[in-house]
Amino acid sequence: MVQKLYLEKYILTQRNKLISSIVISSMSSTRKVAIGLGIAGGALLAAWLLTGSRKQKTKDFLVRKATDIKKTFQKDTTSPDDSDVHYV
């Protein structure tokens, strides 16, 4: 039984590797170039935002948003008391 499970896991792993290699190799050059341009554009935007007078504004914005996210997670997330709920 254990050997069968290992064999099934091995087969699934090999199948997933094959599918991922087929997907990457079947991508057209245009799609690869478009993905590369998107990544390069994002890097240029990040560089522009983090230089000159925009640097401090960007840092302040990111700190504000990070603080908002932290507050969201720190809120009391206790679930309501279900002791009076009647299930059918």
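Note that the structure is predicted; figures quoted are calculated from it, not measured.
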Look up atom [atom1] in [X] and atom [atom2] in [Y], then write down how far apart they are to the nearest 0.5 Å.
{"X": "Thr67", "Y": "Leu62", "atom1": "OG1", "atom2": "CG", "result": "10.5 Å"}
{"X": "Asp68", "Y": "Phe73", "atom1": "CG", "atom2": "CZ", "result": "12.0 Å"}
{"X": "Leu50", "Y": "Lys59", "atom1": "CG", "atom2": "NZ", "result": "8.0 Å"}

Discussion item. The criterion is side chain to side chain contact (heavy atoms under 4.5 Å, CB included); which residues satisfy it with Ser29, sequence neighbours excluded?
Written reply: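 So Ser29 forms no side chain to side chain contact (heavy atoms under 4.5 Å, CB included) with any residue.
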Discussion item. Against Thr58, only a single residue in Thr51, Leu49, Val63 fulfils side chain to side chain contact (heavy atoms under 4.5 Å, CB included); can you say which?
Written reply: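 Going through the options one by one, the only one that passes is Leu49.
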